[in-house]
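Working notes, beginning with the structure itself.
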Amino acid sequence: MSEEFLKVARAAREAAAELAPLPRAPKDRALRAVADALVAHAAGIVTANAEDVERARAQGTSEAMIDRLRLDEDRIGKIADAVREVADLPDPVGEVVRGGTLPNGLELRQLRVPLGVIGIIYEGRPNVTVDAAALCLKSGNAVLLRGSSSAYSSNTALVRVMQEALAGTEVPAGAVQLVPGQTRDSVKELMRARGLVDVLIPRGGASLINSVVEESTVPVIETGVGNCHVYVDAEADLDLAVRILVNAKAQRPSVCNAAETFLVHRDVADAFVPKALRALAEAGVTVHGDAAIAAYDAAVVPATEDDFAAEYLSLDIAAAVVGSLEEAVAHIRRYGSAHTDAIVTRSQRAARRFVALVDSAAVAVNASTRFTDGGEFGFGAEIGISTQKLHARGPMGLPELTSTKWVYTGEGHLRTSEGTVVAG
Ligand SMILES: NC(=O)C1=CN([C@@H]2O[C@H](COP(=O)(O)OP(=O)(O)OC[C@H]3O[C@@H](n4cnc5c(N)ncnc54)[C@H](OP(=O)(O)O)[C@@H]3O)[C@@H](O)[C@H]2O)C=CC1
Ligand SMILES: N[C@@H](CCC(=O)OP(=O)(O)O)C(=O)O
C-alpha cells in the first residue's frame with residue numbers, strides 16, 4: 001500500500017474514533033459550517049470543475065455524462081441545501097432499535113452505532129462527494145472518497161473546502177479524506193484496506209461493482225446499475241401513463257433511476273402506443289421497439305436482446321407489448337437490474353400483484369421511477385442506491401450507515417447452571 005494512501009486512511013481512522021462519540025449538536029454545527037463554506041467558495045469550485053469539464057469535452061465525453069459532471073453556482077447552492085437537510089435530520093447514532101427488560105431483570109438495548117471508516121468509490125458526479133461526506137459525518141463515520149478521475153479537480157476543491165470548514169468545528173477535519181491518485185491503483189488500495197476501512201461502497205457501473213465484489217477483502221455494500229421499467233397495465237389511465245413514462249425517461253436520462261424500457265399490455269396497446277411514441281418523440285427520445293411496437297411507427301428502431309438489457313443513460317428507450325401483467329413481470333425479472341420498476345394502473349389488485357411479484361429495491365405505483373432518490377425520500381441525500389438485499393436496500397441514508405451494538409445492564413447478574421443469580 002502506498003505511503004500516501006496509508007496516511008489518509010490512518011488519519012480517517014483516528015478521526016472516526018474522535019467523531020463516533022460526538023452528540024448531535026456539534027455534528028449539525030459542523031455540517032452547517034460546511035454548507036456555508038461551499039456557498040462562500042462556489043466560484044473557486046466552479047473554476048476547478050471547469051478544468052474537469054474541459055478535459056471531458058476534449059476526450060469526447062457525451063453531453064449526458066458532462067451534465068453529470070458539471071457544477072455551477074446554482075447546483076452548488078443545491079448541494080449546500082442537501083447538507084443543511086442532513087443537519088436537520090435526527091441523529092441515528094444512539095437510537096434504540098430494540099430493547100426491554102428480560103425476565104431475569106437485565107435491561108437489554110440494541111443501539112445504533114457508526115460503522116467507523118466508510119470507503120466510497122463513485123462516478124463522475126461531484127455532488128456525491130459532498131452528499132457522501134455529509135451523510136457519513138452525521139452518522140458518526142469518517143469517509144475515504146474515491147470519486148471518478150474525471151472529477152478529480154472538482155473533488156479536490158470540494159474536499160479542501162469541507163476540510164477547511166471542519167477545522168473550525170468540533171468535528172475532526174480528518175474525517176473527510178480524498179483518496180490520493182487518479183489511477184485505478186487507488187481503488188485496489190481501498191479494496192485491500194481491511195482493518196483500516198470498515199465498509200466499502202462501490203457506486204457505479206457493472207464493471208466497478210463486479211471487480212469490487214470479487215476482489216475486495218473489505219466488507220462491501222453493493223449499489224447497482226438501473227435498468228428501470230415502466231409497465232402500462234390493461235387498466236391504466238393512459239394519459240397519466242404517457243406523462244409518467246416521459247418523466248421517467250426524459251427528465252434526467254443520465255441517472256440510474258431513469259426508465260430504460262416500457263412495457264404495455266396488448267389490450268391497451270392501440271390506444272397507448274401511438275400517443276406514447278408522439279410524446280417520446282417530442283421529448284427527443286428514440287424508441288427501440290419489438291415487432292409489435294415497430295408496427296405503429298416507422299421511426300421505431302427494431303429492438304434486439306441487447307436493447308432490453310441495456311442501461312442507455314441517454315434519450316433512448318426499449319419497448320415491448322406484453323400479454324399480461326405476469327408476462328411484464330417475467331420480462332422485468334429477465335432483463336431488469338432490481339433497481340426500480342413502475343406500474344401504471346387504476347386497479348388496486350394489479351398494483352398489489354405487481355408489488356408482490358417484482359423483486360426490486362423500489363416499486364413505483366402510478367409514479368415516475370425518478371423518485372428513487374435519497375433526497376426525494378426525505379433522507380437529505382443518499383450515499384448510493386443498493387440493489388442487493390444486505391445490509392441495506394434502495395436509497396441509503398443515515399440509518400444505513402450505521403451498525404448496532406447490544407448493551408445490557410444488570411445489578412450483578414451472573415449466569416449459572418441453575419439460571420440467573422443476581423449477586424448485587
Ligand atoms: N445504484 C446507484 O446508486 C447508482 C448507480 N450508478 C450506475 O453507475 C453507472 C454510471 O456510472 P459511470 O459514470 O459509468 O461510472 P463508472 O462505473 O465508470 O465509474 C465509477 C467509479 O468506479 C471506478 N471504476 C470503474 N470501473 C472500475 C473497475 N473495473 N475497477 C476499478 N474501478 C473502476 C471509476 O474510476 P475512474 O473514473 O477513475 O475510471 C469511478 O471512480 C450507471 O450504470 C449507473 O446506473 C451510478 C450511481 C448510483
Ligand atoms: N440521486 C439520483 C439518483 C441516483 C443516482 O445517483 O444516479 P447516478 O446519476 O447514476 O449517480 C437522482 O435522482 O438525482
Side-chain angles (χ1 to χ4, degrees), residues 52 55-56 59 61-62 64-70 75 78-79 82 119-132 135 144-155 178-192 200-216 220-228 247-248 251-260 309-314 336-340 360-362 364 368-388 392-397 400:
D52 290 331
R55 203 172 48 245
Q59 288 166 355
T61 306
S62 71
M65 287 297 152
I66 286 177
D67 173 61
R68 290 155 70 95
L69 181 61
R70 194 178 51 79
R75 283 189 175 182
K78 291 200 172 95
I79 292 172
I120 170 168
I121 305 158
Y122 54 101
E123 76 279 25
R125 271 179 72 170
N127 67 298
V128 179
T129 305
V130 180
D131 289 354
L135 288 168
L144 288 171
L145 299 153
R146 201 291 181 185
S148 167
S149 48
S150 64
Y152 199 72
S153 303
S154 316
N155 291 340
L178 187 69
V179 174
Q182 299 186 53
T183 68
R184 298 270 171 94
D185 289 349
S186 54
V187 176
K188 290 211 158 55
E189 289 185 303
L190 268 175
M191 293 196 284
R192 293 191 195 123
L200 192 52
I201 301 177
R203 169 175 170 157
S207 158
L208 167 71
I209 309 291
N210 292 341
S211 72
V212 172
V213 168
E214 279 164 24
E215 292 176 41
S216 181
V220 172
I221 304 178
E222 274 179 69
T223 69
V225 302
N227 185 3
C228 305
N247 179 267
Q251 198 254 342
R252 196 162 184 196
S254 62
V255 291
C256 57
N257 54 26
E260 304 293 9
E311 188 201 30
Y312 294 111
L313 299 174
S314 62
S337 61
H339 188 296
T340 302
S360 295
S368 168
T369 55
R370 287 282 290 117
F371 286 99
T372 306
D373 169 72
E376 293 292 332
F377 279 15
F379 304 167
E382 92 251 325
I383 199 160
I385 297 172
S386 163
T387 50
Q388 42 103 69
R393 203 174 190 198
M396 293 187 281
E400 288 74 23

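Atoms within a ligand are numbered from 1 in the order they appear, just like the ligands themselves. Everything quoted here is computed from the prediction, not taken from an experiment.
Scanning both residues, Ser337 and Val225, for their nearest heavy atoms gives OG-O, 2.7 Å. Here the shortest heavy-atom pairing between Gly380 and Ala82 reads O-CB, 3.7 Å. Taking all atoms of both residues into account, the shortest heavy-atom contact from Leu200 to Ser216 is CD2-OG, 3.7 Å. Cys228 and Thr369 make their closest contact through CB-CG2, 4.2 Å (heavy atoms, listed as atom of the first residue, atom of the second, distance).
Only the side chain of Arg203 comes within contact range of ligand 2, with a heavy atom under 4.0 Å; no backbone atom does. Contacts between Ser149 and ligand 1 below 4.0 angstrom, taking non-hydrogen atoms only, involve backbone and side chain alike. With a heavy-atom cut-off of 4.0 Å, Val187 touches ligand 1 through its side chain alone. Residue Glu123 touches ligand 2 through its side chain alone, judged by heavy-atom distances below 4.0 Å. Within the 4.0 Å heavy-atom criterion, neither part of Val128 lies near ligand 2.
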> Step by step, would you call Met65 with Leu313 a side chain to side chain contact (heavy atoms under 4.5 Å, CB included)?
Replying inline: CA-CA 9 Å; Met65 287 297 152; Leu313 299 174; 3.8 Å; yes
> Can you list the steps and then say if Asn127 with Arg75 is a side chain to side chain contact (heavy atoms under 4.5 Å, CB included)?
Replying inline: CA-CA 8 Å; Asn127 67 298; Arg75 283 189 175 182; over 6 Å; no
>> For Ile201 and Met396: C-alpha separation, side-chain torsions, deciding distance, then whether side chain to side chain contact (heavy atoms under 4.5 Å, CB included) applies.
In response: CA-CA 11 Å; Ile201 301 177; Met396 293 187 281; 4.1 Å; yes
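Nearest non-hydrogen protein atom to atom 30 (N) of ligand 1 is Ser211 OG, 3.3 Å. In this structure, the protein non-hydrogen atom closest to atom 3 (C) of ligand 2 is Asn257 ND2, 3.2 Å. Atom 2 (C) of ligand 2 has its closest protein heavy atom at Asp373 OD1, 3.4 Å. From the protein, the heavy atom lying nearest to atom 12 (P) of ligand 1 is Glu123 CB, 3.9 Å. For atom 7 (O) of ligand 2, the closest non-hydrogen atom on the protein side is Cys256 SG, 3.1 Å. The nearest protein atom to atom 23 (C) of ligand 1, hydrogens excluded, is given as Leu208 CD1, 3.9 Å; this is a heavy-atom distance. The protein heavy atom nearest to atom 6 (N) of ligand 1 is Gly204 O, 3.8 Å. Of the protein's heavy atoms, Ile385 N, 2.6 Å lies nearest to atom 3 (O) of ligand 1. Atom 31 (C) of ligand 1 has its closest protein heavy atom at Arg184 CD, 3.4 Å. With hydrogens left out, the protein atom closest to atom 13 (O) of ligand 2 is Arg370 NH1, 2.7 Å, a heavy atom. When hydrogens are left out, the protein atom nearest atom 43 (O) of ligand 1 is Glu311 OE1, 2.4 Å; that is the closest non-hydrogen contact. The nearest protein atom to atom 40 (C) of ligand 1, hydrogens excluded, is given as Tyr122 O, 3.2 Å; this is a heavy-atom distance.
For ligand 1, the atoms lying closer than 4.0 Å to a non-hydrogen atom of Gly226 are 45 (O). If you number the atoms of ligand 1 from 1 as listed, the ones under 4.0 Å from a heavy atom of Gly147 come out as 41 (O). Distances below 4.0 Å separate heavy atoms of Gly205 from the following atoms of ligand 1: 8 (O), 9 (C), 11 (O), 16 (P), 17 (O), 43 (O). Near Arg68, with a cut-off below 4.0 Å to any heavy atom, the atoms of ligand 1 are 10 (C), 11 (O), 13 (O). Every atom of ligand 2 with a heavy atom of Arg125 under 4.0 Å away is listed here by number and element: 2 (C), 5 (C), 6 (O), 7 (O), 8 (P), 9 (O), 11 (O), 14 (O). Atoms of ligand 1 lying under 4.0 Å from any heavy atom of Gly224, numbered from 1 in the order shown and given with element: 1 (N), 2 (C), 4 (C), 5 (C). The ligand atoms of ligand 1 that sit less than 4.0 angstrom from a heavy atom of Leu313 are 42 (C). Taking every non-hydrogen atom of Gly384 and a distance limit under 4.0 Å, the qualifying atoms of ligand 1 come out as 3 (O).
A 4.5 Å side-chain heavy-atom check between Cys256 and Ile385 finds at least one atom pair inside the cut-off. Using a 4.5 Å cut-off on side-chain heavy atoms (C-beta onward), Ile120 and Leu145 make contact. Inter-residue side-chain proximity for Val255 and Arg125 is flagged as met; some heavy-atom pair is nearer than 4.5 Å. A heavy-atom distance below 4.5 Å is found between the side chains of Glu222 and Val213. Counting heavy atoms from C-beta outward, Asp373 and Glu382 have side chains that approach closer than 4.5 Å.
Evaluation of the ring pair (Phe, Tyr, Trp, His ring centres under 6.0 Å) rule for Tyr152 yields no partner, not counting sequence neighbours.
Protein heavy atoms are absent from the space less than 4.0 angstrom from atom 14 (O) of ligand 1. For atom 18 (O) of ligand 1, the nearest protein heavy atom is 4.0 Å or more away.
The nearest non-hydrogen atom to atom 29 (N) of ligand 1, considering only Ser207, Gly374, Cys228, comes from Ser207.
Polar contact check, Ser148 against ligand 1: a nitrogen or oxygen pair lies under 3.5 Å apart. Below 3.5 Å of separation, one finds an N or O of Arg146 facing an N or O of ligand 1. Ligand 2 has no nitrogen or oxygen under 3.5 angstrom from a nitrogen or oxygen of Ile385.
A donor-acceptor contact under 3.5 angstrom links the side chains of Asn155 and Thr129, judged on distance only. Inspection of the Arg68 and Ser254 side chains reveals no N or O donor paired with an N or O acceptor under 3.5 Å.
Salt-bridge annotation for Lys188 and Asp185: absent, with no side-chain N of the basic residue lying under 4.0 Å from a carboxylate O of the acidic one.
In this structure, the separation between CD on Glu376 and CG on Asn257 is 9.0 Å, given to the nearest 0.5 Å. A distance of 11.0 Å separates CG in Asp52 from CD1 in Ile66, rounded to the nearest 0.5 Å.
Distances from ligand 1 to the non-hydrogen atoms of Ile121 include at least one value under 4.0 Å.
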